[in-house]
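Report on one structure; see the data block that follows.
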Amino acid sequence: MSFYNPKKIESKWQKWWEKKRIFQAEDSARGKENFYHLVMFPYPSGDLHIGHWYNFGPADVYARYKRMRGFNVMSPIGFDAFGLPAENAAIKRKIHPQKWTMQNIKAMTKQLKSMGNSYDWSRLIITCLPEYYQWNQWLFLKLYEKGLAYRKKAPANWCPSCKTVLANEQVIEGKCERCDSEVTQKEIEQWLFKITDYAERLLDDLEMLDWPERTKIMQRNWIGRSEGAEIDFPVTDSNLKIKVFTTRADTLPGATYLVLAPEHELLNLLSARILNKNAVNEYIEKAKHKSELERLAETKIKTGVEAKGITAINPYTKKEIPIWISDYVIGGYGTGAIMAVPAHDERDFAFAKEFSLPILPVVVDGKLPEGEIKEAYFGDGVMVNSGELDNLPNHIAKDRIIELAGGKKKINYKLRDWLISRQRYWGAPIPIIYCSLCGTVPVPEKDLPVVLPKIKDFNPEGTGKSPLAKSKKFVNVACPKCGGAAERETDTMDTFVDSSWYFIRYADSQNKESLAEEKKIKAWLPVKIYVGGAEHTVLHLLYSRFFTKFLYDQELVNFKEPFLALRHQGIILGPDGQKMSKSRGNVVDPDDLVEKFGADSVRMHLCFMGEYHHGGPWNPTGILGVHRFLGRVWKLINDQRPTTNDQRQEDKNLEKLFHQTIKKVGEDIEAFKFNTAVSALMILLNEIEKQKSHLSPAACQIFIKLLAPFAPHLAEELWQKFGNETSIHLEKWPEYDEKLVMEEEFELLIQINGKLRDKVVAPKTISQEEAEKLALDRERVQDQLSKKKPKKVIFVPGRLINIVI
RNA sequence: GCCUAGGUGGCGGAACUGGUAUACGCACAGGUUUCAAAAACCUGCGAUCGCAAGGUCAUGAGGGUUCAAAUCCCUCCCUAGGCACCA
């Protein structure tokens, strides 16, 4: 008798699966429906951590289950290989980003293979290779062609000391992470994708997705549709107008001043008329030192300055009102200016209080408040202080006011265009050439890819440009139009561009002629189920949806949404309940666990830990439970491996439990409730052991099959010990008998006044009369009743009877 | 401040549509086995009163609805994740 030794069997089966190409997905398989199962591809940061395992392990349980349910499953894997850490490593450790990245990929591939997941490695994608990113560039050109890629000045975090652009991540409390000097905003020419053109569709199509409701809500909020009106406020003694967006046009009569964002263009146009130029400029300068988040986080104290010398006219009341500047108004949202109605908006109210500005109520519920106004009123009511519209309900007055003020109705979105320019080396070059004669010229398709050149110096250049700008060989190029001297764009693309379409590439990852062959796209896409972290609820998922819709419009794909179903895994914290990090020293290394318990135990423990989307602190001893369980399974099957002509039958109750377990495990995997599926298997094993009876070969094989998605190596070993020569993972999932799942008897609960007093076994179909009789005959019930008459009897068929006295 | 989840034994967590709260596992305690330890196996394990039978109390706190509430409603407290003062 051998002991369960995962080390002996796991690598053996991993190699066998690879050799036999068990998990390589054919583009079509006879009689089988294609099923595209996808996990979010990892960034090659160095080591696979337990969080990766938590994402990939249980997701693979699902993939294997689907395969056994008769689907032709494709489960691909790859690496999201461009990004900031590689460039940081280059600067810090003098190692080329390419080398660093490829080293990490090599190490992580080895770790990934040790998990024994059913990946189709033949479809591997590495986004930093030209054969991948040329299609990034190709997509850029398509977007450019359709007017959806454009260039404009946009702010970037700027460290004046390092003379470099910083990512948000590199700004720590408003300071540069390297040199600690204060970060400011610098306006530079950058490329953007016009995702806002798709706002409506991105919002509407959420309806058709099987996604977690909270993820949909977050996307809806991010897109942020609001219906309102645009109203022009003429500037006094000028032809200029200040455009304002409002959802509460009914409160226009109460707009007692305007507030402009510090970056509002009008401040430049009218700077000559501003009397307190110094104070205004100082305020604008200060605002540049705040990140948008900081500006918006200052909830209580409002700052601002009046632009003295310029005023505007309220287009409804025709009254002259002052113009203020404050950073709680954001340039990038709406029109960058608001009409302030302190009586009916909380923020305006706080601002008006701070600077003693007039507060004029125009909508009241009941009668006009007397004396000082204590808070803003947001509800509905009737108009007051509004001239001819007085006494009209505000929602009726709204349209009249828009009309009278010369405004027009408008739908506004919070969503902003997607800024894809990165002033960095380690990314896909943007395929654009600037010619002094021809202007902006896209690189012709035939010249793709624009290969990222190998350079040696990754330190910032000092002008805010990418380190690529230092490579004369790269920059200087002949204009594709006129042949004259021209220069290449030196910014690279946001890595989110790479990950916004990678799921399509898996359908045909080796294709050299196109992004992917149409036939193959049709065979596999859209993704049936996508599994990954909740940290991607907005950006990655929204960008992927945008790309898909764009490709749909170009008739390059035939589906509108990339991921039909979505599931998130939770975050595993360190044993101390804190986020895992190397500096805290609370990182759980999956390699150690695999070494000690085997991959099967690790993945099964991750399944068993708790609800999949919850996560939580890592329990260092908990894994022993499933490890023991697998050892017991090993012993059970090995001990009583019977001959194939064994005709023994299980006892009735055990047979019933088998069928119930088949049902439960299948349904739970389908619902991503891996924890209760594992528990059901444990209950079944406990019962088998309790009975101490030998199992029939059929029962043994059913048990192994149920275990196969969770502990694939162990299951394969036991399966083939039975004399089977084909992989268990291509076997059919066992069926259950609906009749055997049903119970004929149950424990009737007997309650008195809602308290449980007794139980009695009864047939499932027992009627109320019978149940009542049964209950009232019980001694314990008689004692409780003690001659009192039941007032009321509640009977829940198949469950309980409650006697109220 | 806003949005979204959550809060159940010593711990991770179960609990269908409101119907046996604490499944399954960890830890712990006692036992079997052993020269011994480990492993394995068996038993016990929410709190409290009781010799026991059994009772009473417990799902963040407080109220409510109901024959019956972890589950539904209201108020409050705490934790996590997200955020964009969005006009």
Subject >> Pair A/D210-A/R567, salt bridge (Lys or Arg N to Asp or Glu O under 4.0 Å): steps then yes or no >> reply: CA-CA 9 Å; A/D210 171 16; A/R567 300 289 181 268; 3.0 Å; yes

Original post:
Rounded to the Å, how far apart are A/D668 CG and B/A14 P?
Top reply: 11 Å

Original post:
Pick the nucleotide of RNA chain B nearest each of A/M682 and A/H613; which residue has the one closer to the 5' end?
Top reply: A/H613

Original post:
What is the distance, rounded to the nearest whole Å, between atom CZ of A/F674 and atom P of B/G12?
Top reply: 22 Å

Original post:
Of A/G610 and A/I683, whose nearest nucleotide on RNA chain B comes first from the 5' end?
Top reply: A/G610

**OP:** For B/G46 versus B/U59, give the span between their C1' atoms, rounded off to a whole number of Å.
**Re:** 11 Å

Original post:
Looking at the side chain of A/I217, which of B/A87, B/C3, B/C86 is the nearest nucleotide?
Top reply: B/C3

Original post:
Should A/N221 be listed as having a side-chain N or O under 4.0 Å from OP1 or OP2 of B/C86?
Top reply: no

Original post:
In the strands shown, is B/G1 matched to any nucleotide by a Watson-Crick or G-U wobble pair with both distances under 3.5 Å, and which?
Top reply: B/C83

Subject >> Euclidean distance for C1', B/A47 against B/G9 (whole angstrom) >> reply: 9 Å

Subject >> Nucleotide B/A39, atom C1' - distance to CZ of A/F629 in whole Å >> reply: 19 Å

Original post:
Given the P atoms of B/U48 and B/G10, what is the spacing between them in whole Å?
Top reply: 10 Å

**OP:** For the pair A/N314 (side chain) and A/A255 (backbone), establish whether a donor and an acceptor sit closer than 3.5 Å, ignoring hydrogens and angles.
**Re:** yes

Original post:
Choosing from B/C24, B/A15, B/C83, which nucleotide comes nearest the side chain of A/W222?
Top reply: B/C83

Original post:
Name the one of A/V633, A/I662, A/T661 that satisfies side chain to side chain contact (heavy atoms under 4.5 Å, CB included) with A/F703?
Top reply: A/V633

Original post:
B/U65 pairs with which nucleotide, Watson-Crick or G-U wobble, both distances below 3.5 Å?
Top reply: none

Original post:
Would you say A/R628 reaches B/A40's phosphate, i.e. side-chain N/O to OP1/OP2 under 4.0 Å?
Top reply: yes

Original post:
Whole Å only: how far is the NZ atom of A/K664 from the P atom of B/A23?
Top reply: 15 Å

**OP:** Could you check how far CG of A/D250 sits from C1' of B/A87, rounded to whole Å?
**Re:** 13 Å

Original post:
Does the side chain of A/N675 get closer than 4.0 angstrom to OP1 or OP2 of B/A14 through an N or O atom?
Top reply: yes

**OP:** Kindly say whether the aromatic ring centers of A/W324 and A/F351 come within a distance under 6.0 Å.
**Re:** yes

Original post:
Across all strands shown, which nucleotide pairs with B/A38 by Watson-Crick or G-U wobble geometry, both distances under 3.5 Å?
Top reply: none

**OP:** Determine the interatomic distance between C1' on B/C26 and the same-named atom on B/U79; round to the nearest Å.
**Re:** 23 Å

**OP:** Output the single nucleotide from B/C41, B/G12, B/C67 whose closest atom is nearest the side chain of A/R632.
**Re:** B/C41

Subject >> Interatomic distance at C1', B/A80 relative to B/G60, whole Å >> reply: 15 Å

**OP:** Report the base-pairing partner of B/G6 (Watson-Crick or G-U wobble, both distances below 3.5 angstrom), or none.
**Re:** B/C78

Original post:
Among B/G12, B/A87, B/G81, which nucleotide sits nearest the side chain of A/R214?
Top reply: B/G81

Subject >> Between B/C24 (C1') and A/H627 (NE2): distance, integer Å >> reply: 18 Å

Subject >> Length of the CG-P vector between A/L630 and B/G25, whole Å >> reply: 13 Å

Original post:
Which nucleotide, B/C24, B/A87, B/A27, lies nearest any side-chain atom of A/L624?
Top reply: B/A27

**OP:** Kindly give the heavy-atom pair with the smallest separation between A/S601 and A/Y4, and that separation in Å.
**Re:** OG-OH, 4.5 Å

**OP:** Could you give the distance separating B/C2 and B/A70 at their C1' atoms, to the nearest angstrom?
**Re:** 28 Å

Original post:
For A/I571 and B/G6, what is the distance between atoms CD1 and C1' respectively, to the nearest whole Å?
Top reply: 14 Å

Original post:
Any side-chain donor paired with an acceptor under 3.5 Å for A/S226 and A/N412?
Top reply: no

Original post:
Which nucleotide in the set B/C24, B/A87, B/C86 lies at the smallest distance from any side-chain heavy atom of A/T246?
Top reply: B/A87

Original post:
If we take the P atom in both B/G44 and B/A23, what is their distance in whole Å?
Top reply: 12 Å

Original post:
Can you find a donor-acceptor N/O pair under 3.5 angstrom joining the side chain of A/E611 to the base of B/G13?
Top reply: no

**OP:** If B/G18 has a Watson-Crick or G-U wobble mate with both distances under 3.5 Å, name it; if not, just say none.
**Re:** none

Subject >> Nearest-neighbour nucleotide for the A/N802 side chain, B/C67, B/C86, B/A87 considered >> reply: B/C67

Original post:
When we call it a touch if two heavy atoms are under 4.0 Å apart, what does A/K673 touch: a base, just sugar-phosphate, or nothing?
Top reply: sugar-phosphate

**OP:** Could you work out the separation of B/G19 and B/G25 based on their C1' atoms and round it to a whole Å?
**Re:** 27 Å

**OP:** Using a 4.0 Å heavy-atom cut-off across all strands, classify A/L800 as base, sugar-phosphate, or nothing.
**Re:** base

Subject >> B/G9, syn or anti by chi within 90 degrees of zero >> reply: syn

Original post:
For B/C28, which nucleotide in any strand shown is its Watson-Crick or wobble partner with both distances under 3.5 Å?
Top reply: B/G44

**OP:** Answer with base, sugar-phosphate or nothing: what part of the nucleic acid does A/N686 contact at a heavy-atom distance below 4.0 Å?
**Re:** sugar-phosphate

Original post:
Does B/A23 have OP1 or OP2 sitting under 4.0 Å from an N or O in the side chain of A/T676?
Top reply: no

**OP:** Tell me, with the steps shown, if A/R225 and A/E200 meet salt bridge (Lys or Arg N to Asp or Glu O under 4.0 Å).
**Re:** CA-CA 8 Å; A/R225 182 183 196 274; A/E200 190 83 56; 3.3 Å; yes

**OP:** Could you please name the partner base of B/A52, counting Watson-Crick and G-U wobble pairs only when both distances are under 3.5 Å?
**Re:** none

Original post:
Can you check whether A/G532's main-chain N or O pairs, donor with acceptor, with A/H568's side chain at less than 3.5 Å?
Top reply: yes

**OP:** Please confirm whether any donor atom in the side chain of A/R799 sits under 3.5 Å from an acceptor in the base of B/C16, or the reverse.
**Re:** yes

Original post:
Is the A/Y612 ring parallel, tilted or perpendicular to the A/F672 ring (thresholds 30°, 60°)?
Top reply: tilted

